[in-house]
Every structure is written in structure tokens, then in C-alpha cells.
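So the structure is just underneath, and the comments pick up after that.
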Amino acid sequence: MLEKSSVQMKFGEAVRDGLDVALQLDPHLICYGLGIDDPKRIFGTTAGLAEKYGNDRVFDVPTSEAAMTGIAVGAALRGVRSVTVHQRLDFFFLAMDQLINNAAKWHFMFGGQRSVPIVIRLILGRGWGQGPTHSQSVHSWFAHIPGLKVVMPTNAADAKGLLLSAIFDPNPVLFLEHRWLHEAVSNVPSGDHRVPIGRARVVSEGGDVTIVAMSFLVPEAIRASALLARHGVACHIIDLRTIRPLDWDTVSAGIVKTGRLLALDSGLPICSVASEIVAFASERHFHSLRAAPRRLTMPDHPEPTSFALTRNLHPSAESIADTVCEMLDLPHRFAADPKAGPHDVPGPWFKGPF
Amino acid sequence: MLEKSSVQMKFGEAVRDGLDVALQLDPHLICYGLGIDDPKRIFGTTAGLAEKYGNDRVFDVPTSEAAMTGIAVGAALRGVRSVTVHQRLDFFFLAMDQLINNAAKWHFMFGGQRSVPIVIRLILGRGWGQGPTHSQSVHSWFAHIPGLKVVMPTNAADAKGLLLSAIFDPNPVLFLEHRWLHEAVSNVPSGDHRVPIGRARVVSEGGDVTIVAMSFLVPEAIRASALLARHGVACHIIDLRTIRPLDWDTVSAGIVKTGRLLALDSGLPICSVASEIVAFASERHFHSLRAAPRRLTMPDHPEPTSFALTRNLHPSAESIADTVCEMLDLPHRFAADPKAGPHDVPGPWFKGPF
Amino acid sequence: MNTSLPNDPSLRLVRDLLRVRMVEEAIAREYPKGEMRCPVHLSVGQEAVAVGTGAALERSDLAVSTHRAHAHYLAKGGNLKRLLAELFGKEAGCARGRGGSMHLIDLDVGFEGSTAIVGSTLPVGVGLALGSKVRGDSAVTCVFLGDGAAEEGVFYESANFAAVRKLPVLFVCENNSYSVYSPLGVRQPPGRRLYEVVRSIGLTSALHDGNDVFAVAATVKTAVAGIRHGGPPVFLEFSTYRHLEHCGPFADDTLGYRPEPDVAAWKARDPIIQAQDKVRDHPEFSDETIGRWRSEIAAEIDEAFAFARATPWPEQSTRAEYVYA
Amino acid sequence: MNTSLPNDPSLRLVRDLLRVRMVEEAIAREYPKGEMRCPVHLSVGQEAVAVGTGAALERSDLAVSTHRAHAHYLAKGGNLKRLLAELFGKEAGCARGRGGSMHLIDLDVGFEGSTAIVGSTLPVGVGLALGSKVRGDSAVTCVFLGDGAAEEGVFYESANFAAVRKLPVLFVCENNSYSVYSPLGVRQPPGRRLYEVVRSIGLTSALHDGNDVFAVAATVKTAVAGIRHGGPPVFLEFSTYRHLEHCGPFADDTLGYRPEPDVAAWKARDPIIQAQDKVRDHPEFSDETIGRWRSEIAAEIDEAFAFARATPWPEQSTRAEYVYA
Ligand SMILES: Cc1ncc(C[n+]2csc(CCOP(=O)(O)OP(=O)(O)O)c2C)c(N)n1
Ligand SMILES: Cc1ncc(C[n+]2csc(CCOP(=O)(O)OP(=O)(O)O)c2C)c(N)n1
Ligand SMILES: [Mg+2]
Ligand SMILES: [Mg+2]
């Protein structure tokens, strides 16, 4: 394989880079969404694209989430791929009919004659007063639905690589990007860099416990494993990257290897991806499990707005580490000693409000 | 407790009876939905109600699922309860925003000041060419969402009792009724009969395997247990009745009792209620499990339309019995010998097309 | 087959109308046998909108439709055998048996799909038109809808976007005054005209008689030409009436949900009778012509039914296919 | 507090307008300190619609609103302390800190809730009106919306249903020509007027100057009276303009997304300046009056901020409460 050049960039920049590459590769690709060419450029992820590719290919739209989703389906049938963007996943509940009844089923229900290559970017909010209707992630809903693909990148290189794979995939792909990851920096290969959909990434290879995570919980799991390493615990961390189709081989190998499973989920607990992974583990690897598998997710209620109520709302490195210690019958606890700084922002770069 | 009189009636008639009782009890209750007062009366479930209570309380509406759901929310805020009905759950994807962002969250996000007592009846289709967009059940989606309650009755008495509880519950309740159960007859108590939401029913008390089921799969599980009984296998069958909040105590007792769990699900497999139950079992009752827990669900694809393709699509008594035999290492298999008659109708009463 | 397709466009319209009617009637006749195991929504009484529109569209134009799509599919040039095979759930069906009557497709003639969720193809059609614009092709997309579909918010959103981006899309609305059994009056304000709402949204729009196939063809032809030459999107509302029940093969007027005088008046205005009356004096038309067409079409239909019955089922082993491309 | 609420309705309007403006400006001033940790959408420049409408509604009338709801909440009589406490995320907040700026409620004055999903309260408002009709009470429900919300299909569905059932609902649309940074032209066809679309749907509708608080109050009063006496639902579109950024405390006209001449023209038409000009000759009004009001209001605001800061946080232990009633 040829060495490609690579550049350090932020997750948000990598999304922009991926869009830029795709717009070059496919002269018919269109990108649209509320505010795509406004001064904020979807948190910078679409900067310069309208200027470079023109208003016929990169354009702002009415506040009509349902129709704009069906319109993407129609354009795809005509051979025009699209990347639609919603500044919050929460707005996309308006488009469920078009997603489920049309996008996800078109290829199946017409016997494979037309596929629907569309990408829908959904940005996941959290903290800083986003509250009940600007902080939801229903990746578990999407994972439930055959015909959809669902990716949740955790770093800049994967963001670009999965986005490009998603754009050129012949199926509808939901691309869920966590607002708190937009500034995460990593080395990103230049040009047409693709990361295959449906393949998880083994982040670290420890032998004591297998932690399966997605999205913002991957960096938290990595931080947890650093805490745990000080106490001699070695974590096998899997970054799912794709939620559907899920890379069961990599998950299986992780389960079999350590016999201990902690499934993290950045969403709600019931009928979640974490539930699915634990169910899979006990159904398929019952005899490999050395202890009860565990889940760590958001609590089973909406995210409140108040600063006081969002503390310890989401799984964190500390609560992950604590759970692992419980599983291993170790006495250490970390939650009393959380990360410094306000808990409701990803870092000092985040100035709010969105 | 006073003995109440009871009458044999069909599931569909019991729904109608429940609505009738509720409309009498609460003079402000309204019922609406497409076709509610048309000649077919929602498969008979609203027969005579428009005449009895008038067009201001029982009325037909435009084909506007989203608004009609938000309108129910608003009416509820004004103290007017409602029972809305959709002839297929599939149509209700249009209303997800109002369901998730408003109905499910109103009480929480306004700090408990107003609740949203609404009931949404969703009829589940299956077979006879219903195909990909007239046969879906996303009860697992609903179970994912805090703030919602979800009931799935399996017999006439529960249909009436759960409907009345749902109507007088202060929260939004989804009432999922399977089209194939509409003719199921049982003894139904007269008058204001209520079955508590959130309580499962132990259908039979066997000691070999615990089968957890909902909706149309409960009668299938019962039929399976009859097949298995011939081979000396005794099933502990739990009819969930409510999907959210789920009756974990009853499920736990069943798991602990037999150490063998088969979770059935009338919907899709991934991130399903069956996943949740298996995950729960292995997380909480790891040491009680004597064998790997199992799931039996629809396959992970949409329901096709063709008669030829719907055969063996859903779990049946035979496939349930076969799975139990596998779990118990018994040689018997039943799938080769299915029930007589066309597989795509619930019984000879079903004349199609819906 | 030894068919006699008239060269004269008017006669062709009359014959096409007859053919769609005879297909629908044949489906109605055969349906009770229980071999076509899927819901069917027949267009008997409403065929003129489909046939007139189909005649005014080019083969390279596109169409999407609704649950009531047989007539649209046929009028756009869709394959009859594959239509019937689809109703029979066969592998040779136009959607390989996966879709049934409510999911028709024939890509050879630009029939991009019909679906069963009311309103769900409205934005899809607008998206096809957007696709055409992006690719710079000259196709016009025709979006069929009913009066009920116009109550879905997505209709308004779709029309608005079509107007904002001036897309090459034509909405053809068959207003048969009913959504299932529900009359317009419980669904839309009294006296309101849909085409006026759509005009206020920013589309060119008009109301016409949907039972006059010649008027439909002429109106649509003008509209399509305007759109193709860069004009704004168009919405055409056609008044028409359904003769049979909403879903299924039978008449249901004994149920009394439609006023008897209306039913009688509309049946007197049957598009087939009207169309034949109009060409009565045409030199190439006579009772004999009709008779010949009838027997040709009957033979074609027989053959198609025979095909649909004989052609094999999809294999069970392929059931999970096509979930992903 | 020793306040001087004028008896004269015109003066009362002017004072109320000033009060809403001063509250919004105070929020803008304090916001950068980072204590109000939730998005805020300020109404500076648009207050006349809220204040005029609030004055025309009875306390027993109802209202629902959007993400930009501070002004509506206050104009309907909502409690200022509880508004600020909500922005500070406190237990004494009007939504107990669960909702933040985008989720306001004050049941004492019929403010039934504002939400942050564009368009989501439109059907809720119609439902409140349906509830009133079923119960036979005489409340009118006022549904506030922006020009962007009218692009959601649910708006059309809601308006249609209100017209079909003749519900006691008033839509008050603040058309500020922008949805976030997006101008009307990329979202709605050029030259189209929303109130005309709504009229075609079947509502009584009109367009008015939203920066003239007296005109707003008079128009809304007439509309509410009509509705209360059994008239059809009404849609009032008011042209207005936002002075600050879409979300947040700052001005953002350096970004250049709005034409400078527009900004200047609209700022010259500031509703506060206009209103004060109109009462200039009122015998009970003078520069001194304004000065007195200003200091009274400033004191009220200071007290409210002090309250919001001092009042306790919600308890962590109560976090999972209120999921179910
Ligand atoms: C979203 C949705 N709601 C309801 C239905 C049930 N339904 C099927 S056809 C139909 C009637 C639609 O009326 P119209 O658009 O006028 O078409 P017509 O049947 O008169 O041709 C309805 C309500 C559906 N399929 N999808
Ligand atoms: C369904 C949905 N889509 C998008 C958004 C993002 N958003 C928040 S406010 C807003 C602008 C709405 O414009 P308008 O209704 O004119 O109100 P204004 O902000 O001008 O007062 C948008 C698009 C949202 N909150 N909900
Ligand atoms: Mg109709
Ligand atoms: Mg605006």
C-alpha cells in the first residue's frame, strides 16, 4: 500500500475535508442543510464549500426536515448522491417516516432495482444547557432498522474516512458526529481516505476486561484505562465506529479474550446498542463469560438543562473505571475525583451556546 | 373484592367496550383517528361510538399524523384526554417528533407541572400482503424512550383492562394491538375493568424453561408449550403485557426459577425488547442461568409482500418449540409440521385485505 | 399479439383508457379467488387522469405514485405482465414480489415507484426533479397524489421547496373527494380549493375535469412543456370519482357513505363513456373498433394473467436479499 | 417595590415594551459571565409583537411559544424571577431548571409552554384550543411562531385542522425575515406572503407592522374578540426585525449576513422609539416618566437577578424525577 501524506487536523476539519474530497470526486454530489453556507458553517464543517462548488451543489434549505429527507431519497434515485446535515439529531425526528418507510426500504421493497445512496449527518449535543431536546442520540433506533447503516466516528481520521465511505456506499448511511468531538485532533490522511463501514477498531489490547464503546465514550474509555492501568488493570477497548452493521467478529474476539464485558452506550439504556452487545455476548459466548457482563449508559431519563443536574449524567472515565473495578472485585473508586473544570463542556474551546 | 359480571367477547369488541366505558366515565374524553366513524369502524373497535357520544367527541380527522399527535398533547394540557388511533403503526412514523420531543418529555422538561395523558392506539399488521410498510412494530423504539408507557395486550380482557388503565393514566401510553388478535375471544369483566400497567402475567408455571413473550407471540408460545408438553417439557410462560415500564420482578422470578430463558419478540431483532431481556438476564442473573439465554424474533429484514416469502417469517409455535428443544438438548423438531391452512392469515375469519 | 394501436392520438387515448379499465376490472374479477394476496386499490372511474397524463409525458420523463397506482403505472408504459405477476407475489413481478400492488416500479419507462404511506412519494418526486436539475437532464417528474395526501405536511414542504428551487416537477392530484370513506368536509375546510392553496405557495396551478381524458392530456401537455422550458413547477388538480371501494375489488355504495345522487352523477360521467362519445364521429372509429379493441385487450389480459399464474414464486432462500445494495 | 404602572393602556404598553427590552438587555449583559448556561434567543427589536399581543389577551387565555420566548412569557404575565431562575438553572426556575431558556412555562398566567423544536408547539396550541372547545371554556389560545416555523409541514396540518374544526386559536407570526442566518429567499419563494398562504388554507389572516405596539395590540384585540365570539381561527403576520444575533447575547451584524441598509432601516424603526414618539404628547407622559420607569424596571431586574443567583440549585437526587406523572 502506498504511503499517503497526512495532516494533523481537528475532527470538524476532517469532516470538511471529506466533504471537499467527495465533492471533487463526484461532480453530482450535493450537500445541503439549514445553515450550510451561513457564517458559522455547521461548526466549521462546511467552510468554503458553497464558494468552491456553488449554490447548486451546496445550499441552504427551508426548515422542512421531512421533505428534505425524502428529497434526498428522490435525488439518489436519479443518481445524485447527497450529504444532508442537521445541527442536532433531535430535529431529525420530524423525518422518521422518510427515513424508515422510504430510505431504509426502497432497495428491498422494489426487489433491489434502485438503491438510495444518501448520507445524513446528525450532530449530537450534550451539556451546556442543551437540555431535553438538543442532546438526544437515538443510534439504537437506527441500529434496529434493516436497510440503514449507522456510523459514529470518534476521531478525525475516522470521521473523514467513514464519511467518504458513507458517501460512496450505495445505501443510506447515518453519520452521527458528537459535538464534543469536533475539536479532537488526529493525523488525517490526505485525499480519498476511506475507512470501511462495518469494521470496529481495537484501541488497546488488554487482557482483563473488554470495553466496547462508541462516539464520545471512546476517549472516556481510554481515559478510564489509564486510570485503571495505575492499578494494574489492562483494558481491551473496542471502538465500534459502525453501529450497524456491527462488527461482531471483533466484538466476539474481545469477549472471548477477556471473558469480561463492559458495554458502554452514549444513549439511553433500554433496548440500546449496549443491550444488544450484552445480549449477543451471553447468547453466543455464554461459556466464555467469566463474570456477569455489564452496561454503562445514560440514565433512563432525558437530559435536564440545569448545570447542577448534568453533573455525572453521562458515563465518564471515572464511572467506567469504577464499574470495571466492581467487575474485577477491586476496591478502587475514582468517581470522587473527577476531571477538573466544568463538567458540561468538552474543553475550554467550547464557548457555547451550541 | 366484589365479583364482577363478565361476558365472552372478542379482543376487538373489548377495545370498543373499553372506549365506551371510558367515554362514559370521563365526559371530556375524545377519540379520533382516520376512519373512526366510517363504515368499517377501525375493524369494529369504534362501532356505535360516534352515534352515542357525538361528533364533538368521536371524530374523523385529516391525514395529518404529526399535527394530530401534537393536538392530542395540547388537548391533554387543557385537561382533555384522548384516544387517537392509527390503522397501522407504520403511519405513525410521521408523528415521531411530537411523540418524542413533546409527549414523552413535557412532564419532565417543565419540571412536573403538566402531564400528558394521551393514548395512541397503533394497530400492527402482518401477513396477507401487508408487506414492508403495513406490518411494522417498533415497540422496541418506544421502550427506549423514558416518559412513554407501552402496552401490548394479548387477549380481550387485557385489551379492555389495559386500555382503561392507559386512558386514565396521567402519562402518554402507546397501545399496540395486533390485527391478528382482534378475533381472540375471552371472558371480559363488565364495566370499569382495569388491568394495571407495568405488570406481566404468568401464563403457565413450568419448571424447564422460561419463555417471555408479547402480543401475538403469547398464543404462539402457549401453542408451543402444548407441543412441548407432549415431550415432557414444562414451560414457564410470561406475557409481558406492558413493554415499558417492564415488570422486571416477574421476569426475574421466571429466570431464577428455570435458569433457562427464551425471549420472544414480535419485532426486529437488533436493539429489541428481546435483546433487553436477555441483557438484563445475564447482567442481573448471571449465576442463575443454566444455559445460554436465547432470542427468537423476526428476521433482520423488512416483511416482504409475496405469499411465498412470508412463510416462516415470524416466530411460530413450531419454531419456538424447536428452539426450546435445542436449549434442552432434546432431539424433537416441529417446524416440519406446521399448523394447517394458509400461513399468512390468523384464521378463517380474516378476509383481508387489511 | 395482433394488436391494432391507432395512430390518431385521440383514438389512442380512448383505447388506452379502455385498456386500463379492462385491466382493473379483470383484477377485480379475479381477486376474490385469493391468489393476489395483497391489498389492491383500483382506479376504476379515475383512469382518465392517469391515461391523459401518461400520454402527455415522454417515456424519459419520470413518475412516482401512491397506493392507487395501477393506472399510473400502465399509463406511463409499465409492463402489464410484471404488474400482474407482482400482484400474484411472483419473482417476475415488477418488484420481484417484495412490494405487491402498493409498490410498483418500472424503470424502463421512468416509473420510479409507488408507495403505500400517504404522501411519502411527494418529496421523493421533488427529489427526482432536483436530481434532474443537478444532472442537467430534461426529464420532468410527475408526482401523482390524492386529495388526502395533500393533508400531510410533507406535501406543503415539498411544494414549497419545488417552488423555491424552481424544480421541473408536475403534481397531478386526483381529487376524488374521499380519503378511504372520509369525505373532504371532515378533512379540509368547506369550500376551499386545494389548487388555490398550492397557487398561494408559489406554484402554477389549476383545476380541471379529471373525467375528460382529452382535456387532461391537453392540460398536462401544456404544463409539461412549460416546465421543460424552465417554467415554475405546476400543480394540476383533477376532479374525479372512484367507482369501486377504496381498497378491494367490490362496489361498496350500499354502505351509504357517499350521497347516491353524487354516485349516479359521476357514473353518468364515466370517463370511458365520455371519451367514446367524443370520438363517435371520428372516421376511424366505430362500434366495431371498440369491439376489436376489447377483444385484443382481453386477449392481452388473459395472457398476462396466465403468465402471472404460471411464473414461479420467489425462492424462500432469497428472502433476506436486497436489504442492502 | 414602589412601581408606577400607568392606568392608561397606551402608556402601559410603552412601559411594558420598555420592561421587556430592559430584561433582554440585562440578560445580554450578564450572559457572558457564564452563569446562564443554556442557549438564549433574545427578542430585542421584536418586543412589540409580544407586548401588543400580551396586552390584548386575557389572563385566562392561553399561549404557547418557541425557542425565542422570553418576551412572550413576560408579555403574557410570566414571572420575571422565575424566568431568570430558569436561565440560571435553579430549582425556583419556572421549569425547575429542567428546561432552560427554551422551555418556559407559567401556568398561573396561561403560558402553557415554549419549546425548542421549530414548529413543535403549533399543533400543541391547536390542541389547547380543541381542549377549550371540548370543555366549553372561553379561552383563546395564542400560538407564537416565526417565519421559519411556517416551513414545517406540521404548521400547514395544524392550520388546516384549526380551520376544519373552527377552533379558538390565534397564530401570531413574527416574521423577522430570518431563520438563524438564512434569509427568506432561500427558504420561501420570492414575493410570496405567508399570510396569503394561510388565508388560502381557510383562516382569516392579515399582515401588519410588528414594530408598532399599538397597531399590534389593536389588531390582536379585534382578532381575539372575533375568535371568542365563534369566528374562524386567525393568523396574523407581523413584520419585525431582530437586533441581536439569533442565539446569544451579542450583535452580529459584522458578519454581514443581513444587508446593512435593512439593518439600519429597521433599527430606525425600533419599536421602543416609535412607541415613545407616539405617546410623546400624552399628558401623563414626559421624559421624566421614562426615567422613572427605567429606574423602577432596573430595580425590579436587579432584584430578579439577585434572586436567580441566590436561589438554590435543584438537588442531584431529584434528577430522575418527573419522567412520569
Ligand atoms: C400516512 C398514512 N396515513 C394513513 C394511511 C391509510 N390510507 C391509505 S390510502 C388512504 C386514503 C388517501 O386518500 P387520497 O390521498 O385522497 O387517495 P385515494 O385513496 O382517494 O386515491 C389512507 C388514509 C396511509 N396509508 N398512510
Ligand atoms: C426542527 C428544528 N429544525 C431546526 C432547528 C434549529 N433552529 C433553531 S431556531 C431556528 C430558526 C427558526 O426561525 P424562525 O421560526 O423564523 O424564528 P426566529 O429565530 O427568527 O425567531 C432554527 C432553524 C430546530 N430547533 N428545530
Ligand atoms: Mg381521494
Ligand atoms: Mg425568523
Side-chain angles (χ1 to χ4, degrees), chain A residues 32-42 50 55 59-68 70 87-88 90-95 97-98 125 127-136 298-313 342-345 350-354, chain D residues 31 34-41 86-91 93 95-103 115-120 146-154 179-183 185-188 246-249 252 254-257 312-316 318-324:
Chain A
Y32 61 80
L34 281 174
I36 203 163
D37 60 356
D38 77 16
K40 296 271 173 77
R41 302 292 167 115
I42 319 285
N55 176 260
F59 51 89
D60 203 352
V61 298
T63 320
S64 304
E65 286 80 3
M68 294 318 304
Q87 308 221 18
R88 282 292 179 273
D90 313 65
F91 310 158
F92 190 61
F93 286 105
L94 284 155
D97 168 60
Q98 288 296 326
W128 214 89
Q130 304 304 300
T133 58
H134 278 62
S135 63
Q136 297 168 84
M298 274 192 68
D300 192 23
H301 62 73
E303 175 157 330
T305 304
S306 171
F307 180 73
L309 293 176
T310 51
R311 199 190 307 279
N312 302 325
L313 184 77
H343 68 270
D344 66 340
V345 292
F350 187 87
K351 304 292 177 215
F354 283 113
Chain D
Y31 191 77
E35 299 162 297
M36 292 176 264
R37 290 175 95 78
C38 61
V40 288
H41 303 78
E86 188 59 36
L87 270 56
F88 277 77
K90 300 302 184 68
E91 181 68 23
R96 288 205 170 93
R98 272 67 184 174
S101 160
M102 300 192 291
H103 298 96
T115 66
I117 300 294
V118 169
S120 79
D147 50 297
E151 290 148 20
E152 296 287 5
V154 76
S179 169
V180 194
Y181 301 101
S182 306
V186 304
R187 305 182 282 116
Q188 299 180 26
H246 165 70
C247 180
D252 66 350
T254 48
L255 294 175
Y257 68 101
W313 295 111
E315 294 288 338
Q316 270 264 341
T318 65
R319 192 175 69 192
E321 276 178 24
Y322 310 127
V323 178
Y324 291 97

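Chain identifiers are assigned alphabetically (A, B, ...) following the order of the sequence lines, protein sequences preceding nucleic acid strands; residue numbering begins at 1 within each chain.
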Notebook entry, point to check: Any idea which of Asp38(A), Thr63(A), Asp37(A) has the most non-hydrogen atom pairs under 4.5 angstrom with chain D?
Noted result: Thr63(A)
Next item on the list: Flag the one option from Phe59(A), Phe354(A), Phe93(A) with the top tally of heavy-atom pairs under 4.5 Å to chain D.
Entry: Phe354(A)
Check: Once you round to the nearest 0.5 Å, how far does NE2 of His134(A) lie from CH2 of Trp128(A)?
Finding: 12.5 Å
Margin query: So does Phe307(A) get a backbone contact from the side chain of His343(A), meaning a donor-acceptor N/O pair under 3.5 Å?
Written below: yes
Check: Judged by modelled atom types alone, do Tyr181(D) and Asp60(A) share a side-chain donor-acceptor pair under 3.5 Å?
Finding: no
Notebook entry, point to check: When only pairs under 4.5 Å are counted, which of Ser64(A), Gly35(A), Ala67(A), Gly131(A) shares the most heavy-atom pairs with chain D?
Noted result: Ser64(A)
Check: Tell me, side chain or backbone of Ser182(D) under 4.5 Å from chain A's heavy atoms, or both, or neither?
Finding: both
Margin query: Would the distance check show the side chain of Asn55(A) and the main-chain N or O of Ala50(A) forming a donor-acceptor pair, the cut-off being under 3.5 Å?
Written below: no
Margin query: Measuring only between side-chain heavy atoms, which start at C-beta, is Pro39(D) closer than 4.5 Å to Met102(D)?
Written below: yes
Checklist line | Heavy-atom contact with chain A under 4.5 Å, split by part of Glu35(D) | finding: neither
Margin query: Working to the nearest 0.5 angstrom, can you tell me the gap between Arg37(D) CZ and Ser306(A) OG?
Written below: 11.0 Å
Margin query: Name the residue from Glu86(D), Glu91(D), His103(D) that meets the side-chain hydrogen bond (donor to acceptor under 3.5 Å, both in side chains) definition with Arg98(D).
Written below: Glu91(D)
Next item on the list: Could you tell me which portion of Met36(D) (side chain, backbone, both or neither) has an atom closer than 4.5 angstrom to a non-hydrogen atom of chain A?
Entry: backbone
Note to self: Quick check on Arg311(A) against chain D: is it the side chain, the backbone, both or neither that has a heavy atom closer than 4.5 Å?
What the structure shows: both
Notebook entry, point to check: Considering only heavy atoms, which portion of Val323(D) lies under 4.5 Å from any heavy atom of chain A: side chain, backbone, both, or neither?
Noted result: side chain
Check: With a 4.5 angstrom heavy-atom cut-off, which part of His41(D) approaches chain A: side chain, backbone, both or neither?
Finding: side chain
Check: Top residue by heavy-atom pair count (under 4.5 Å) with chain A, among Gln316(D), Arg96(D), Glu321(D)?
Finding: Gln316(D)
Next item on the list: With rounding to the nearest 0.5 Å, note down the distance linking CD in Glu151(D) to CG in Leu34(A).
Entry: 8.0 Å
Margin query: Does any backbone or side-chain atom of Leu313(A) lie under 4.5 Å from a heavy atom of chain D? Answer side chain, backbone, both or neither.
Written below: both
Checklist line | Tyr322(D) portion near chain A, given a 4.5 angstrom heavy-atom threshold | finding: neither
